[in-house]
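These numbers come from the heavy atoms of this one structure, side chains and all, not from hydrogens, waters or symmetry mates.
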Amino acid sequence: MADPKGFLSTPRREWPRRPVEERVRDWDEICVPGALLPIIAKQADRCMDCGVPFCHDACPLGNLIPEWNDLVSREDWRAASDRLHATNNFPEFTGRLCPAPCEAGCVLAINQPAVTIKNVECAIADRAWEEGFTAPRPPDRLSGRTVAVIGSGPAGLAAAQQLTRAGHTVAVFEKDDRPGGLMRYGIPEFKMEKRRLERRLEQMRMEGTRFRTGTTVGRDVAATELRARYDAVVIATGATAWRELDVPGRGLAGVHQAMEYLPHANRVCEGDVEVSPLSAAGLHVVVVGGGDTGADCLGTAVREGAASVTQLDIYARPGTERDEDAEPWPTYPKIYRLSGAHQEAGELRTAPVADADARLFAASTLRFTGDADGHVRELHLVEVDARRRPLPGTGRTLPAGLVLLALGFSGPSREDGLIDQLGLELAPRGTIVRDPGFATGVPGVFVAGDAARGQSLIVWAIAEGRAVAAAVDRYLTGSSRLPAPIGPYDRPMTA
């Protein structure tokens, strides 16, 4: 490490955010452009170069974090980019979208604020693009083998890039009109501007990966036909079957799933439409669900000019410090976090009935009621205890002209016919069953990402894509030199 006392002398500083009043008037990323590089070398100096770097284990990609921290502290950006890209195909995505389990596993985090690993990663990735360190890497020769990848989210893209670079001819099939999956239409522009996705897709095209957009496998092309045409198939469709809220009034107009709402806002940013057909402008909005997708809905509704926005979380408000008994270091703790969207809602007081950040904790939805036209007008809720049992006398009503359900996903959708046409086996929780080699029961058909793992993090999706690529390469050629950072049954560290 460049400064052996950096973790003692330098306090943690994060990438500063733009003023709330400024950023809620546009869809640009919320952090101050250019404000990261002046501070990041000193932040990288805080890395202790631990004898056993637990950040490696906390990250499913096995990112070489102490190595590139040291290189950044010495301002050797090319070497830092090489070490970062050695384990991560898309660090500019994870640097913005991953909740950073690596920081929870940082040894310094035992008794001090962790190293800003996520910010360092983002700085390296952005500098790599600026300096031209991300030139396409087409294969020296082709293998003559073909692979179809179904789905263009992070798992599918990682698998496709790895297999293309190994010399196989890869076609990615995407049901939407543009590649990217949830990164394209599920992640708001203010969290990651889509130009970052576009330049990575262009890199992949120049390497030889082909994209077939607007094609739903199982509907536009039979899954069995695709299997017959290609030497191998990778299913990376994600977990798109959303969880429902079975309460009275669910069928009222104005009650929508989060993933019905967010894509419209992203299409406005793409220039496809001028105004979202589900715009929150002038409406009282209630978001049901306390996770990241709910926060994305919150930030989007604020930018659309909602009259008010409240987010309901069925869990009690967590503490600000790690519970060492329930979630000891280096596991990822459930603590109170203030996302950019929550900071905005708090400063703008979008939900006067809620806590300072627009969230109502320990709140369970009982029913919706509407007007004579069948449109939702109120949400009825009750406070609950730790076992989600209603507490007597705590019922209340919120005005609601738009309700967004952000309750997570249970597994891949079966509506397109892909699963049934191939006769794939499903686990009890709705995910696709696979063996230790990422293979399904159908020869030559593999599955990766949330479709098999269940709803997870972007960093796990990329790790799955890299690992399944190694499995497919081995299936096609008999051996593989591609890295396989995880196995299909690996899970995050827990107590």
Check your understanding: Can you list the steps and then say if T213 with D177 is a side chain to side chain contact (heavy atoms under 4.5 Å, CB included)?
Key -> CA-CA 5 Å; T213 56; D177 58 343; 5.6 Å; no

Check your understanding: Would V107 and I110 satisfy side chain to side chain contact (heavy atoms under 4.5 Å, CB included), going step by step from the backbone distance to the final call?
Key -> CA-CA 6 Å; V107 173; I110 294 175; 4.1 Å; yes

Exercise for review: Over all heavy atoms of both residues, which pair between W460 and R491 is shortest? Give the atoms and the distance, please.
Suggested key: CH2-C, 3.6 Å

Review point. How about P154 and M183: do any of their side-chain heavy atoms sit closer than 4.5 Å?
Key: yes

Check your understanding: Between E103 and K118, is there a side-chain N and carboxylate O pair less than 4.0 Å apart?
Key -> no

Exercise for review: State the CZ-CE distance between F54 and M493, to the nearest 0.5 angstrom.
Suggested key: 7.5 Å

Point to revise | Step-by-step side chain to side chain donor-acceptor pair (under 3.5 Å) determination, R17 to Q343 | key: CA-CA 10 Å; R17 295 168 175 171; Q343 179 194 26; 3.1 Å; yes

**Study point:** Test log, rule salt bridge (Lys or Arg N to Asp or Glu O under 4.0 Å), inputs D272 and R178
**Key:** CA-CA 12 Å; D272 295 344; R178 297 180 178 91; 2.8 Å; yes

Check your understanding: Just one of Q203, R200, R466 clears the side chain to side chain donor-acceptor pair (under 3.5 Å) bar with Q161, so which one?
Key -> Q203

Practice item. With side chain to side chain donor-acceptor pair (under 3.5 Å) as the test, would you mind laying out the steps for T209 and T164 before giving the verdict? Key: CA-CA 6 Å; T209 302; T164 297; 2.7 Å; yes

Point to revise | Partner of F438 under side chain to side chain contact (heavy atoms under 4.5 Å, CB included), chosen from V234, V447, V468, I235 | key: V468

Practice item. For D57, look at atom CG and say whether over 12 heavy atoms of other residues, nucleotides or ligands are found less than 6.0 Å away. Key: yes

Practice item. Please confirm whether R243 makes a cation-pi placement over F409, using NZ or CZ under 6.0 Å from the six-membered ring centre and within 45° of the ring normal. Key: no

Review point. So how far is it from D3 CG to S73 OG, rounded to the nearest 0.5 Å?
Key: 8.5 Å

Review point. Within a strict 4.5 Å, meaning less than it, do heavy atoms of the W15 and I40 side chains meet?
Key: no

Check your understanding: Do D126 and R196 sit within salt-bridge range, that is, some charged N less than 4.0 Å from a carboxylate O?
Key -> yes

Practice item. Run the salt-bridge test on D357 and R359 with the 4.0 Å N-O cut-off and return the result as yes or no. Key: yes

Practice item. Please say whether the positively charged group of R303, taken as NZ for Lys or CZ for Arg, lies over the ring of F190, i.e. under 6.0 angstrom from the six-membered ring centre and within 45 degrees of the axis. Key: yes

Practice item. Could you grab the distance from atom CG of D26 to atom CD of E22, nearest 0.5 Å is fine? Key: 6.5 Å

Point to revise | W77 vs L71 side-chain heavy atoms within contact, under 4.5 Å | key: no

Study note, to complete from the structure: Separation between NZ (K42) and OG1 (T10), nearest 0.5 Å, reads 4.0 Å

Practice item. Check the pair N89 / L157 against side chain to side chain contact (heavy atoms under 4.5 Å, CB included), numbers first and verdict last. Key: CA-CA 9 Å; N89 296 70; L157 291 180; over 6 Å; no

Review point. Do L262 and C297 come close enough that some side-chain heavy atom pair is under 4.5 Å?
Key: yes

Review point. If you look at every heavy atom in N266 and I187, which pair is closest and at what distance?
Key: OD1-O, 3.1 Å

Review point. Is there side-chain contact between E121 and T94, with heavy atoms separated by less than 4.5 Å?
Key: yes

Exercise for review: Taking all non-hydrogen atoms of both residues into account, name the closest pair between V172 and G151 and its distance.
Suggested key: CG1-O, 3.7 Å

Review point. Ignoring hydrogens and geometry, is there a side-chain-to-backbone donor-acceptor pair from W329 to C106 under 3.5 Å?
Key: yes

Check your understanding: Are R165 and E207 close enough for a salt bridge, meaning some N to O gap below 4.0 Å?
Key -> yes

Review point. Backbone N or O of R78 within a donor-acceptor pair of the R83 side chain at under 3.5 Å?
Key: no

Exercise for review: Hey, could you give me the CG/CD distance between L298 and E344, rounded to the nearest 0.5 Å?
Suggested key: 7.5 Å

**Study point:** pair C102-I65: side-chain heavy atoms closer than 4.5 Å
**Key:** yes

Check your understanding: Does the pair E29/K191 count as a salt bridge with the N-to-O cut at 4.0 Å?
Key -> no

**Study point:** Under 3.5 Å donor-acceptor, R184 side chain and S152 backbone
**Key:** no

Exercise for review: Would you check if the side chain of H85 reaches a backbone N or O of S81 as a donor-acceptor pair within less than 3.5 Å?
Suggested key: yes

Check your understanding: Between the side chain of E174 and the main-chain N/O of D176, is any donor-acceptor distance below 3.5 Å?
Key -> yes

**Study point:** Salt bridge present between K194 and E270 (N-O < 4.0 angstrom)
**Key:** no

Practice item. Please confirm whether the backbone N or O of D28 pairs with a side-chain atom of R18, one donor and one acceptor, at under 3.5 Å? Key: yes

**Study point:** Donor-acceptor contact present, side-chain Q455 to main-chain A239, <3.5 Å
**Key:** no

Practice item. Enter the distance from C47:SG to D70:CG here, rounded to the nearest 0.5 Å. Key: 8.0 Å

Revision key, fill the gap. Tightest non-hydrogen contact, residues G186 and M259, listed as CA-CE, 3.6 Å

Exercise for review: Answer yes or no: is there a side-chain heavy-atom contact under 4.5 Å between I117 and C55?
Suggested key: yes

Practice item. Of all the heavy-atom pairs spanning V288 and L407, show the shortest one and how long it is. Key: O-CD2, 3.6 Å

Exercise for review: Keeping the roles fixed (side chain from R434, backbone from P488), state whether a donor-acceptor pair exists under 3.5 Å.
Suggested key: yes

**Study point:** K334 NZ/CZ over Y315 ring centroid, <6.0 Å and within 45° of normal
**Key:** yes

Exercise for review: May I ask you to test the Q257-L404 pair for a side-chain heavy-atom distance under 4.5 Å?
Suggested key: no

Exercise for review: Evaluate the side chain to side chain donor-acceptor pair (under 3.5 Å) criterion for residues H56 and N63: first the C-alpha distance (whole Å), next the side-chain angles of each, then the deciding distance (0.1 Å), finally the verdict.
Suggested key: CA-CA 6 Å; H56 282 198; N63 279 332; over 6 Å; no

Check your understanding: side chain to side chain contact (heavy atoms under 4.5 Å, CB included) between V147 and V472: does it pass, once the steps are laid out?
Key -> CA-CA 9 Å; V147 182; V472 172; 4.2 Å; yes

Exercise for review: Establish, for the pair R127 and F133, whether the NZ or CZ atom is under 6.0 angstrom from the six-membered ring centre and no further than 45 degrees off its axis.
Suggested key: no

Practice item. Could you tell me whether a side-chain N or O of R13 sits under 3.5 Å from a main-chain N or O of T116, the two making a donor and an acceptor? Key: no

Practice item. Only one of N88, V459, L61 passes side chain to side chain contact (heavy atoms under 4.5 Å, CB included) with C98; say which it is. Key: V459

**Study point:** S279 side chain vs S276 backbone, donor-acceptor pair below 3.5 Å
**Key:** no

**Study point:** Nearest heavy-atom neighbours spanning F361 and P318
**Key:** CE2-CD, 4.0 Å

